Amino acid sequence: MSATLIDGKAFAATVRGQVADHVARLKADHDLTPGLAVVLVGEDPASQVYVRSKGKMTVEVGMKSVEHRLEAETSEADLLALIQSLNADETIHGILVQLPLPGHLNEDLLINSIDPAKDVDGFHISNVGLLGTGQKSMVPCTPLGCLMMLRDHHGSLSGMDAVVLGRSNIVGKPMAQLLLGDSCTVTIAHSRTKDLPKVVRRADIVVAAVGRPQMVPGDWIKPGTTVIDVGINRIDAGDGKTRLVGDCDFDTCSTVAGAITPVPGGVGPMTIACLLANTLTACCRANGLAEPEGLTA
Ligand code: NDP
């Protein structure tokens, strides 16, 4: 391996430390405690793990953590009522409705019922519009984490050629907006893109968010490129067990790239760290206080 390893686990610990320091100052100077409410509907095992981990880390940085675990059959009206009560609760600065929701619930309707100022996932249509027009918004956590790692590694991203693989609303599109905001020349590639290897080969930065295990081989990567691998895919490890891999083939990409994030231990830990950063930002904004430096887009 010749690439520099971008250690998302260590970087996320640093970000959480910065959040914790700021939270302690908010308490000491303003008697304020940021609060995050997470709403989980149903029994999805992966969602349960995420929610547990979010709650634990929220408490570790000194914030208030509230969890609402609702039955899979919960009605839309009941969920809307809960979101309205959290919108009105002054001790709650961030609201996260864990996705995916059971099929009978209208995700768009519910996400858009969250107060945009408390929408720490950045999925509310107002925040999508604000990000798209370069205005102050709540930024989706995964792309924000990728941006922080890129800024930390490169300093300025201005003028770099960035290729984002994937055009989802939660990763690909906001990632492209953020890179554009940092003056990259951005290409968004997807399943209909012609000659994907050629498109990827011109990139100085590749952000892969496709959900296909090890899809990007090293010979698609220009020497020296920075590879941010968002993918989380579980594959057969061959010994009756499974293991996690990204969307990029780490072994071959890491011999060509200038820098690369591992899976696991890259983008994943940054996502929760950015959720905490967003909750802190939301609390500061709600109280007319200066936002934490370096923790927003
Ligand atoms: P989606 O399934 O919503 O989107 C995948 C995107 O990849 C689509 O735009 C799709 O194109 C594109 N795509 C699929 N196949 C190909 C292909 N063969 N060639 C080119 N493009 C292709 O996924 P998400 O954005 O939600 O997630 C992507 C990955 O990131 C997943 O592995 C997910 O688990 C992971 N993830 C990780 C997070 C973290 O914290 N680290 C957080 C969120 C996601 P099209 O639109 O044309 O169908």
Side-chain angles (χ1 to χ4, degrees), residues 6-13 15-16 38 44-54 57 96-101 107-108 111 120-123 128 131 138-150 162-179 186-203 206-217 219-221 227-235 242-250 253 260-278:
I6 300 180
D7 186 344
K9 200 171 164 194
F11 193 36
V15 170
R16 291 198 306 275
V38 176
D44 180 60
S47 294
Q48 294 201 346
V49 174
Y50 290 141
V51 167
R52 206 174 308 127
S53 167
K54 283 168 187 170
M57 291 193 184
L96 182 149
V97 176
Q98 183 68 44
L99 302 179
L101 289 170
E107 271 183 15
D108 288 342
I111 296 301
V120 281
D121 251 344
F123 296 160
V128 175
L131 178 62
M138 295 306 305
V139 177
C141 303
T142 300
L144 178 58
C146 296
L147 183 75
M148 282 186 189
M149 289 193 286
L150 284 166
V163 172
V164 179
L165 287 171
R167 56 175 164 179
S168 73
N169 290 335
I170 63 167
V171 189
K173 283 181 197 154
M175 187 72 246
Q177 297 286 3
L178 289 172
L179 291 166
V186 183
T187 304
I188 308 178
H190 46 77
S191 66
R192 307 293 174 90
T193 298
K194 286 183 195 152
D195 201 348
L196 196 55
K198 186 176 167 202
V199 171
V200 175
R201 257 180 223 124
R202 67 168 183 251
V206 175
V207 180
V210 173
R212 303 214 176 254
Q214 300 167 314
M215 188 188 92
V216 179
D219 65 3
W220 290 15
I221 302 295
V227 177
I228 305 290
D229 193 347
V230 181
I232 302 177
N233 310 289
R234 194 167 280 286
I235 61 165
T242 59
R243 67 184 178 103
L244 290 182
V245 296
D247 290 341
C248 300
D249 178 39
F250 186 86
C253 287
I260 189 166
T261 58
V263 177
V267 176
M270 285 300 290
T271 297
I272 297 189
C274 287
L275 173 68
L276 303 176
N278 276 352

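For ligands, and for the atoms within them, numbers begin at 1 and follow the listed sequence. All of these numbers come straight from a predicted model, not from anything done at the bench.
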*Which heavy atom in M138 sits nearest to a heavy atom in N278, and how many Å separate them?*
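Looks like CE-O, 3.3 Å.
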Can you tell me if [X] uses its side chain to pair, donor with acceptor, with the backbone of [Y] under 3.5 Å?
X    : Y    : answer
Q214 : V245 : no
D229 : D247 : yes
S168 : V171 : yes

*How about R243 and I235: do any of their side-chain heavy atoms sit closer than 4.5 Å?*
yes
*C146 and V267, any side-chain heavy atoms less than 4.5 Å apart*: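 The answer is yes, as the side chains (C-beta and beyond) meet within the 4.5 Å cut-off.
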*Taking only heavy atoms of the protein into account, state which residues are under 4.0 angstrom from an atom of ligand 1, in chain and number order.*
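For ligand 1, the contacting residues are T142, G166, R167, S168, I170, V171, H190, S191, L196, A209, V210, G211, R212, M215, V230, G231, I232, N233, V267, G268, T271.
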